[in-house]
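These notes concern the structure reproduced below.
So you know, we letter chains A, B, ... as the sequences are listed, proteins then strands, and number each from 1.
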Protein chains: 2
Amino acid sequence: MTVKSFSNILSTHDHSLPMYQKIKEHILEKIAKGEWRANQKLPSENEISAELNISRMTVNRAFKELTEEGYLFREKGAGTFVAEPFQLIPFFELMPISKELAIEGNPFSSQVLRLEKAQDSHKICERYFESRDNESLFFSEILYKNEKTPLQYEKRYVLTTFAPHYLTQAFHKACSTVYLQTLSPILSQKHTLEAIIPNKPLSQLLEIPNTEACFKVVEILLIRGKIISYAEQFYPASRYKFHSKI
Amino acid sequence: MTVKSFSNILSTHDHSLPMYQKIKEHILEKIAKGEWRANQKLPSENEISAELNISRMTVNRAFKELTEEGYLFREKGAGTFVAEPFQLIPFFELMPISKELAIEGNPFSSQVLRLEKAQDSHKICERYFESRDNESLFFSEILYKNEKTPLQYEKRYVLTTFAPHYLTQAFHKACSTVYLQTLSPILSQKHTLEAIIPNKPLSQLLEIPNTEACFKVVEILLIRGKIISYAEQFYPASRYKFHSKI
DNA sequence: CAGTGGTCTAGACCACCAC
DNA sequence: TGGTGGTCTAGACCACTGG
């Protein structure tokens, strides 16, 4: 790649934008115009820094950011390449139930059905916590309502060591998810979304006919990869829809 | 801030991790432990680089990345501070079915059940296209399979003016969504996700017992706000789960 | 004013890759 | 083996902030 692809970049003495920004925009323009196509190799950091008479670190910053933004990909020892154009992938947000109702300004109430030390913690640890230790667990069953309409039934296990005061909570202002999130700033989480047909007790709890489906959300909370809570949440599908963002 | 907050970082000669990573983790740990709280000021880049006897650029990279990740915020001329803990809102991606199977390296086949000019376009325009004009529409019914297992049933209406060659497509390599996306670079889209219990014809098509729920996705494709396609897609819930990307 | 972060330089060493 | 990107250094100048 000996072609001078960057020579028409504005002079180094134009300080309206930082140099790495100018490089980024120049590259994006080439890609947008189709001048550089997917999987095509870009000039190396050394070539560009030599051509523009700037430091390699500056070129590196431009390349690194464009890579993080998904426009390029890099291979150690090989080079930097134009990435495949990406598609708009729609996604659905899932907010904690209390947060969601609060945002919409709806009243929120919770009915604690059970809140106790778990009996069969050994089995639960093995099944849901990926742990062979018999760790001590709390168990809760909560029904969250919008005004008087059930919106979510949740059963949850929590490590007692993580949330020692869990049993004293009323979950009046915040749902269990939000409560646990406040306990640690470094909580991470995984969710799985399924669709199910509720069994009879569940449909009675949620006050829906058993001809109606439910969303089932499995929520796993982790700290540095260790599971500290496992929950299953059920939403009546008639009262809950996901709308895509983007 | 004269306290030596970083002195217990592993020696510079430990090359198991890049230095900026070690700094990042050290900072995250302090935040996690509550040692540094929200809005608290961190030592400056200069202080840390002096204390650890490393370059300021290395500290800068750690700070910059933690800021991009939302853990810190910075103010020019003032300093670097711990950010408010943020809530992780999980979201679920919905990829076009052919793209999803391609990524997972699965075989993909499609069975076109119907592909024709729509009969009752006037009603359809009014109901789904927010249009009182009687615009000409194509109609398709397609069953997408992974190997021989049905994965998605889709019915779709498309403006004939947008996709004049729609009837000649076989949808062997790309599903209808991807085909339509290739026709215009400025397509936007809206999706709605519901859970339903399938009726008998649908459960037969998808080859599932009628005790099993389905995801129903409504996909609306638009160009500059004008709807050009309306589709309903049904996924058997037993064969399809959404996993959150945080 | 002194200190801060934002940017940039002109080198350097390394692991990795293609040849 | 020579080129690539990943990382790091020891300086530097600037605009901006706070006291």
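In this structure, A/F63 has its ring center at least 6.0 angstrom away from the ring center of A/Y71. Between A/Y144 and A/F234, the distance from one ring center to the other does not fall under 6.0 angstrom.
A/Y240 and A/Y235 have tilted rings, their planes meeting at an angle from 30° to 60° on a 0 to 90° scale.
Side-chain nitrogen and oxygen atoms of B/T58 include at least one within less than 4.0 Å of the OP1 or OP2 phosphate oxygen of D/dT9. The side chain of B/Y20 places no N or O atom within less than 4.0 Å of a non-bridging phosphate oxygen (OP1 or OP2) of D/dC8. A close approach under 4.0 Å does occur between a side-chain nitrogen or oxygen of B/R61 and OP1 or OP2 of D/dT7. The phosphate of D/dG5 (OP1 or OP2) has a side-chain N or O of A/T80 nearer than 4.0 angstrom.
Taking all atoms of both residues into account, the shortest heavy-atom contact from B/T192 to A/K241 is CG2-CD, 3.7 Å.
Under the ring pair (Phe, Tyr, Trp, His ring centres under 6.0 Å) criterion, B/F215 pairs with B/F242, sequence neighbours left out. For the side-chain contact (heavy atoms from CB on, under 4.5 Å) test, residues two or more places apart in sequence or in another chain that qualify with B/N146 are B/L101, B/N106, B/P107, B/L151. Among residues two or more places apart in sequence or in another chain, the ring pair (Phe, Tyr, Trp, His ring centres under 6.0 Å) test is passed with B/F162 by none.
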For nucleotides 14-19 of chain C, give me one character per nucleotide, 5' to 3': B if any protein heavy atom sits under 4.0 Å from the base, S if the only such contacts are to the sugar-phosphate, - if neither. --BB--
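In this structure, B/E65 atom CD and D/dT7 atom C1' are separated by 12 Å, rounded to whole Å. The CG atom of A/N46 sits 14 Å away from the C1' atom of C/dT9 (whole-angstrom rounding). If you take CZ of B/F73 and P of C/dG6, they are 13 Å apart, rounded to a whole angstrom. Atom-to-atom, NZ of B/K64 to C1' of D/dT7 comes out at 14 Å; the value is rounded to the nearest Å. At whole-Å resolution of the value, CG in A/N53 and P in C/dA10 are 7 Å apart. Taking atom CG on A/N60 and atom P on D/dT9, their separation rounds to 15 Å, with Å as the unit. Atom CZ of B/R74 and atom C1' of C/dG3 are 13 Å apart (whole Å). Spacing between atom CD of B/E45 and atom P of C/dT7 amounts to 11 Å, rounded to whole angstrom units.
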Please list, for nucleotides 11-13 of chain C, all pairs of protein and nucleotide N/O atoms separated by less than 3.5 Å.
{"residue": "C/dA12", "atom": "N6", "partner": "A/R56", "partner atom": "NH2", "Å": "3.0"}

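Picking from C/dT4, D/dG6, C/dT7 the nucleotide with the shortest atom distance to the side chain of A/P18 gives C/dT7. The side chain of B/M19 approaches D/dC8 more closely than any other nucleotide in the set C/dC8, C/dT4, D/dC8.
The pair B/K64-B/E45 does not meet the salt-bridge criterion, since no charged nitrogen lies less than 4.0 angstrom from a carboxylate oxygen.
In this structure, CG in A/L221 is found 9.5 Å from CD1 in A/I227, a value given to the nearest 0.5 Å. One distance of note links NE2 of A/H122 with CZ of A/F129; it measures 14.0 Å at 0.5 Å rounding.
Within a 6.0 Å sphere centred on CD of A/E68, other residues, nucleotides and ligands contribute more than 12 heavy atoms.
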Verify side-chain contact (heavy atoms from CB on, under 4.5 Å) between B/L187 and B/I223, making sure each step is shown before the conclusion. CA-CA 5 Å; B/L187 215 56; B/I223 290 195; 3.5 Å; yes
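Consecutive pairing runs in DNA chain C reach the stem threshold at C:1-18 with D:1-18, where a stem means at least three Watson-Crick or G-U wobble pairs with distances under 3.5 Å.
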